[in-house]
Amino acid sequence: MPKYYVLEMFPYPSGNIHIGHVRNYTMGDVVARYKRARGFNVLHPMGWDAFGLPAENAARDKNVHPAEWTYANIANMRRELKSMGLSLDWSKELATCHPGYYGKQQELFLDFMRDELVYRKETWVNWDPIDMTVLANEQVIDGRGWRSGALVEKRKLNQWMFRIADYSEALLDGLDTLDRWPDRVRLMQENWIGKSKGARVQFKIAGTDQDLEIYTTRPDTLYGASFMAVAADHPLAQKLMPDNSAIADFVAECHRMGTSEEAIEKAEKKGVDTGLRAEHPFIEGKTLPIYVANFVLMEYGTGAIFACPAHDQRDLDFARKYGLEVTRVVADADGNEADVETEAYTGPGTLINSGFLNGLEADDARKKAVARLVELDQGVETTNYRLRDWGLSRQRYWGCPIPVVHCEACGTVPEKAENLPIVLPDDVTFDKPGNPLDHHPSWKHTNCPSCGKAAIRETDTMDTFVDSSWYFSRFCAPRNDKPVSQADVDYWLPVDQYIGGIEHAILHLLYSRFFSRAMKETGAVEFTEPFDGLFTQGMVTHETYKSADGAWLFPQDVTQNDAGEPVHIETGASVTIGGVEKMSKSKKNVVDPGEIIDKFGADAARWFVLSDSPPDRDMEWTDAGATGAWRFKQRLHRFIEENLDNIVALDAPEPSEFCDQATALRKEGHKTLMHVTDSIEKLHFNNAIARIYEFMKTLGDFKATGKPGSDWALREAMEIMVSVVGPMMPHLTEELWEMLGHKTILADSPWPTLIEELTVDNTVTIAVQVKGKLRATIEVQKDAPSDAVEALALAEESVIKAIGENPIRKVIVVPNRIVNIVI
RNA sequence: GCCCCUGUGGCGGAAUCGGUAGACGCGACAGAUUCAAAAUCUGUUGUCCAUAGGGCGUGCCUGUUCGAGUCAGGCCAGGGGCACCA
């Protein structure tokens, strides 16, 4: 039996499911049920992304232990998910906060240490002052923490880092193989990895025997060089600091700026002249001033640049501020060589003012310049990436402990595998800021795994994105002794269809792609890409409501008065309807899935989240839409119940003869089956539902006549209907399936078999156009010869009228589609 | 600033390959049923002129084509991603 692994991104156990979960998990469930019916062995598990800061905040605010809070939330959300009728394999359930999971993660970490995929380094980090922890670059959005929203500061800390940057090229290359991923996500990852081709160039520092190494993507503009600039943290600046208070002050200022708001609000380009000068590699005797500048990043390239103001906007701004020279070296496409004033020219063109490069196109000049640098032994062509290593240390309690011990004698020592899991202590307090593990009286005191002497345990825990970077592999065998069971992973992975929100386009998905490669390196798995197919579903939105005093109102507090105006349900005060926005607690435009399921039933809720909008786009939750879904459910139920007497018994043999009415019904049924199947395969659930509605209309119009085959055809049609609705409305359809006399449940029944002959018509309706305008439609035999079709078209009265006195210049006949008469 | 996506009735949206634009749903309107209402059922519903019938119509402008929502070029609007990345 072929396998199919369908997975929705596992939820954070915040306490309640929200309507976005309903949409996400319904889509996955439809795929799972459909694939099962198509004969696949389906894995469809569920678990909990259960570590993270909210549990610690709850502990602090409500005086409840993070574990207790988390497990209570899990219990509630599991109950809510079960009420949705999801076909999940609960025997595979896992929670990342359970030692049975995070202990295995610690094992993986030791393997990573062994193979040098993780290392420790003192580095500048993004510090979130509210969450009191470090954030990865990916977790800083607009200079603020992705969770807390606090302005992020720069701090220097010892950090555990994953070598994700070493995989830049591999992660980039891998994107090409992911043809079942949205282009948008691939593009976002490509941009994030940020590959650029350029050169490293050594500039001699005049009067010394030292070099300044820079990175540039524009070696062709070397003749336009006007100054050099290094980052505040560049070794050169650091070395000059003690003897140069101007530089020391400036470096301190840069650190204060960090990623703070000022920096984002287009910080002015500033710098300090070091007094040193660099020798131009091509121009004998020319030297360039070296600045420390705030717009140069230590983390990118070499932390130093040469500046060509005419062809780089930042360099130009800086040059204008400090009165440095601006030499144009690239003429634009029209040969324009005019001086650059306030706008740098970054387009293509021909080299000027550039010695041996003059007259060359920029691309050729680039190559020639690098060749000369290599000759001079002053440069080399290189590739650079924006992607940096992933700092995973978090100074928090509720996360996976990093299984490492710091020993005065032996240094940083990995824990022994047999000591795993390193379990979090239960008795922790959250009354003071900082890391509770660090405050704990005894937990960090241990013995060195190497020499046995007293030593200190690492108190940092892992970023929760580590937890979600391999859970899909653990799902195959969640209680296995090893982190992943080789045989099970070989069978199930990669995930065939992964479904989740676009907000994880970079963070979670890139980390998981790295983790799979790293685990392949350590021998844990054999696959490279974890997610073969990815689908990103849109958000659920809702109208917003405001009372006269400007306060947000919940949808359930708003109703319509007799005049149809929106009013407050209790006070009758008038209400303003605002825009349709992403559901958020602050704007109160939320609906509670629990209430929805109570009111409309799980089937109607599932149906509605699939029905109206394409699944990758945002959908608006409306009560009217949910009511529509409920009505369909009632209608189908009523129809089948009322027509049970008009159908043949289960397994009655197919009659040899069908009346016209029966054949017409069969055709509609099989056409519906074909389209719904196709739509589900493409995850176009809204199209599948539109087709089902059409078929419901046909079915509802069918009247039992007793003519040959009609009772057999009606059962066939009903069974097709129940089967195709099945993945979306499991409760209703199981009931109907039983009413139809089946002894086995629908969920275990195969998808109906398509009879292709019944999906093709023997007559077709052809449009007749005159000069591209529709004038008539004609019924003809399928595949009728063109000249016969043409004759029929020309005989149509409305066509004759439209042609009038004009001579016919040409007649185009597209078989089975259209006739266009050109006059 | 750079990169990407999306613009179709009152609304959500459909249109597989360039071939009858507006499927299907919601809403609205009219009617049936009802003492009445709810529920249900039937019909109408892009727009303009209107009697038949016709004109116009997929953000705007050009173009390619017998034929364009669909392809190409140029704009406009909305959304998203990245952003001192040298």
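So that the names make sense, note that chain A is the first sequence line, chain B the second, and so on, each numbered from 1.
Annotation: salt bridge (Lys or Arg N to Asp or Glu O under 4.0 Å) contacts of A:K195 (sequence neighbours excluded): A:E169.
As rounded to the nearest Å, B:rC5 and B:rU58 have P atoms that lie 22 Å from one another.
In this structure, A:V768 reaches neither bases nor backbone, as no heavy-atom distance under 4.0 Å exists between it and the strands shown. Using a 4.0 Å heavy-atom cutoff across all strands shown, A:H675 reaches at least one base atom of the nucleic acid. Residue contacts shown for A:N384 are absent, as no nucleic acid heavy atom lies under 4.0 Å away. Looking at heavy-atom distances under 4.0 Å, A:S611 makes no contact with the nucleic acid at all. At a threshold of 4.0 angstrom between heavy atoms, the contacts of A:T627 with the nucleic acid are absent. Contacts of A:V822 with the nucleic acid, taken as non-hydrogen atoms under 4.0 Å apart, involve only primed sugar atoms and P, OP1 or OP2.
A:D612 places its CG atom 12 Å from the C1' atom of B:rA14, with the value rounded to the nearest Å. Straight-line distance from the CD atom of A:Q189 to the P atom of B:rC3: 21 Å, rounded to whole Å. Here the P atom of nucleotide B:rA15 and the CG atom of A:L774 are 21 Å apart, to the nearest Å. Rounded to an integer number of Å, the gap from A:K810 NZ to B:rU65 P is 10 Å. Separating the CG atom of A:N820 from the P atom of B:rG67 is a distance of 8 Å, rounded to the nearest angstrom.
For A:F227 and A:F306, the distance between ring centers is not under 6.0 angstrom.
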Both distances under 3.5 Å, Watson-Crick or G-U wobble: on that basis, could you give the dot-bracket string for RNA chain B, with [ ] for crossing pairs and | for other-strand partners? (((((((..(((......[....)))((((((.......))))))((((...))))..(((((..]....))))))))))))....
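Counted by atom type alone, A:R617 and A:Q537 present zero donor-acceptor pairs between their side chains at under 3.5 Å. For the residue pair A:E779 / A:T765, a side-chain donor-acceptor distance below 3.5 Å is found, with atom types taken as modelled. With 3.5 Å as the limit, one finds a donor-acceptor pair spanning the side chains of A:E213 and A:Q202. For A:Y300 and A:S196, the side-chain atoms include at least one donor-acceptor pair closer than 3.5 Å.
Sequence order on RNA chain B of the closest nucleotides to A:Y300 and A:N686 puts A:N686 first from the 5' end.
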